[in-house]
Amino acid sequence: MLDIRLLRENPELVAEGLRRRGLAAPLELFLELDARRRSLLTEAEALRNRRNTVSEEIARLKRAGREAEDLIEEMRGVSRRIKELDEAIQAVEERLAQEMLVLPNLPHPSVPDGSGEEDNLVVRVWGEARSLAFEPRPHWEVAERLGIIDFERGAKVAGARFVFYRGAGAKLERALINFMLDLHTEKHGYTEVFPPFLVNSGAMLGTGQLPKFAGDMFHVSGTDYYLIPTAEVPVTNLYREEILDGDRLPIYHVAYSACFRAEAGAAGRDTRGLIRQHQFNKVELVKFARPEESYEELEKMTRDAEEVLQLLGLPYRVVLLCAGDLGFASAKTYDLEVWFPAAGTYREISSCSNCEDFQARRANIRFRPGPKEKPRYVHTLNGSGVAVGRTVAAILENYQQEDGSVVIPPALRPYMGGLEAIRPE
RNA sequence: GGAGAGAUGGCCGAGUUGGUUGAAGGCGCUCGACUCGAAAUCGAGUAGGCGGCUGACGAGGUCGCCUCGUGGGUUCGAAUCCCACUCUCUCCGCCA
């Protein structure tokens, strides 16, 4: 959520940020609601002040055994008026919140202009996007020939965009999760958490999935539970409604979770393979940082995610998203895109974002800079470190051999019981 | 799922015949005094939010309002009375 004060005092700045995202927001409405709210509040407070003073007077009179009926009669009217004003205030505040909650975050000045993917900026490339000596097969063919992923039975038992991993495939998925968690906890200093996979609507509101993107998620009918689309949701909400000790910052968390996405509106896109599933695994990085350090932390977090791909020997590039391609809550995002030789393209495998205080304001996550100082909102960051299913897909395509086998990246072998390659049965 | 108990400030813990209790007391913490220094002792301070005025939309100052799990009700007035909900604990049942 944006700061209403920023909107009040600097509407042009907000309008400019929204325009860069390709949005025209009717800011006059906000200003009008805000002004109305404050004028009602002032009136109600003046009346409350009157009531409080007179109530003391009444108490004094009663103690002295005197009558106070005329004052009580006056206060009856005052209380009635206060109630009316409170109702009006509540209505205005609800309206204002409703409008504020659907406004996205403003892009950071370092974010380039642009309206979509094609305007994103490649900031660096790692590894060689090599073409293989033979005609590479897409990862789902590699997987099916090895019998390690069962797409058909996934569809039978659950539906389209669900799979069973089997044998070495299941083990590969599990090995990657452990490999990533170990790297981030042991080398990069993150503290592991294992979060709930279902959260309530308050948490979804905090990170920005609700109210605007309800259709992208699975909702357990008859309850207030939603299946998490990413561990970012429970982990960022860990410290909701808390004031953190400034000495603890920055806080680094890493979490494995299954992720569930309805993929509404994605009909026909990536229908084959592991790229776009309703359920997938992900290792997620989340940071809570002081505002003045958050952009430095974003760079470090991106490097931490990159190291996963480097150790696995997967060629990738880092892309800075343009203003028009930014996610709802993000002020600045780097995507990591990994090379897929069969498709001949780079595909997103990680997304690292600084949400600044946008989520912190919604979820009310603050920190005390020093003793006696006022609490301030933290900056929240999140990044995939990295998407596991897509990593499996990338390994299958990049490490496939002409005979149909797949070499296990050396860094992963300790997690695969020393296995050097997956071969057809 | 059934029965009961409870939810107060960073923590512990008073306060329920409604009226200087935003909140006693203790602990913790901060600052000061004492000390060569520390401990002990003494003194002062120690929640958050919102708004008005002042000031530059800053810092600061000042006035006021709200918050004793959450929401609603009764009342001139509610931490205190009533209702609903949430969460925690204990016992029973069930279960990985």
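Lettering follows sequence order; numbering is per chain, from 1.
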By side-chain contact (heavy atoms from CB on, under 4.5 Å) - contacts of Glu69(A) (at least two apart): Glu67(A), Ile72(A), Arg76(A)

side-chain contact (heavy atoms from CB on, under 4.5 Å) partners of Ala329(A), counting only residues at least two apart: Cys355(A), Phe358(A), Gln359(A)

For the student: nearest non-hydrogen atoms of Val406(A) and Gln400(A), plus distance: CG2-CA, 4.1 Å

Contacts of Glu84(A) that satisfy side chain to side chain donor-acceptor pair (under 3.5 Å) - sequence neighbours left out: Arg81(A)

NZ/NE/NH1/NH2 to OD/OE distance under 4.0 Å, Lys287(A) and Glu297(A): yes

Stepwise salt bridge (charged side-chain N to carboxylate O under 4.0 Å, His left out) test for Arg368(A) and Asp245(A): CA-CA 6 Å; Arg368(A) 199 178 301 280; Asp245(A) 185 347; over 6 Å; no

Under 4.0 angstrom between Arg81(A) side-chain N/O and C76(B) OP1 or OP2: no

Given G73(B), C50(B), G52(B), the nucleotide with the shortest approach to the side chain of Lys83(A): G73(B)

Nearest-Å distance for atom pair CG/C1', residues Asp86(A) and G73(B): 14 Å

Watson-Crick or G-U stems of RNA chain B, 3 or more pairs, under 3.5 Å, by first number: B:1-7 with B:86-92, B:10-12 with B:25-27, B:28-33 with B:41-46, B:47-54 with B:60-67, B:69-73 with B:81-85

Minimum-distance nucleotide (side-chain atoms of Leu41(A) versus G51(B), G48(B), C76(B)): G51(B)

Length of the line joining Ile243(A):CD1 and C11(B):P, which is rounded to integer Å: 11 Å

Side-chain N or O of Lys374(A) closer than 4.0 Å to phosphate OP1/OP2 of G48(B): no

Ion pair check, Asp216(A) and Arg261(A), cut-off under 4.0 Å: no

Rounded interatomic separation in angstrom, taking CG from Asp224(A) and C1' from C87(B): 14 Å

Distance in angstrom units between Leu47(A) CG and G51(B) P, rounded: 19 Å

Contacts under 3.5 Å, N or O only, protein and nucleotides 54-60 of chain B:
unit_1	atom_1	unit_2	atom_2	d
C57(B)	O2'	Glu9(A)	OE1	2.9
C57(B)	O2	Glu9(A)	OE1	3.4

Carboxylate-amine/guanidinium contact Arg36(A) Glu32(A), below 4.0 Å: no

Set of side chain to side chain donor-acceptor pair (under 3.5 Å) partners for Glu173(A), sequence neighbours left out: Tyr165(A), Asn281(A)

Separation of G77(B) C1' from Ile82(A) CD1 (nearest whole Å): 11 Å

Touch class at under 4.0 angstrom, heavy-atom based, for Arg80(A) against every strand present: nothing

Arg21(A): partners by side chain to side chain donor-acceptor pair (under 3.5 Å), with sequence neighbours left out: none

Letter per nucleotide, 5' to 3', of nucleotides 15-22 of chain B [B base touched, S only sugar-phosphate touched, - untouched; heavy atoms, 4.0 Å]: ----B---

Phosphate OP1/OP2 of A47(B) contacted by Arg368(A) side-chain N/O (<4.0 Å): no

Partners passing side-chain contact (heavy atoms from CB on, under 4.5 Å) against Asp224(A) (at least two apart in sequence or in another chain): Asn200(A), Ser201(A), Tyr226(A)

Arg76(A) CZ - U75(B) P separation (whole Å): 9 Å

Partner residues of Arg153(A) under the side chain to side chain donor-acceptor pair (under 3.5 Å) criterion, sequence neighbours left out: Asp150(A)

Residue whose closest nucleotide on RNA chain B lies nearer the 5' end, Ile4(A) versus Glu73(A): Ile4(A)

Stepwise ring pair (Phe, Tyr, Trp, His ring centres under 6.0 Å) check, His184(A) with Tyr252(A): CA-CA 10 Å; His184(A) 295 310; Tyr252(A) 290 13; over 10 Å; no

Flag for Glu356(A)-His108(A): side-chain donor and acceptor within less than 3.5 Å: no

Nucleotides 62-72 of chain B: protein proximity per nucleotide (B base, S sugar-phosphate only, - neither; heavy atom, under 4.0 Å): --BBS------

Whole-Å C1' distance, G25(B) and U86(B): 31 Å

Distance between P atoms of C27(B) and C83(B) (Å, rounded): 39 Å

Let me check something: any side-chain donor-acceptor pairs from residues 318-326 of chain A under 3.5 Å, sequence neighbours excluded? List them with distances.
unit_1	atom_1	unit_2	atom_2	d
Asp325(A)	OD2	Asn120(A)	ND2	3.0

Whole-Å distance separating the CG atom of Asp245(A) from the C1' atom of C11(B): 15 Å

Rounded interatomic separation in angstrom, taking CG from Leu61(A) and P from G77(B): 16 Å

Which residue lies more 5' along RNA chain B, comparing Pro375(A) with Leu71(A) via nearest heavy atoms: Pro375(A)

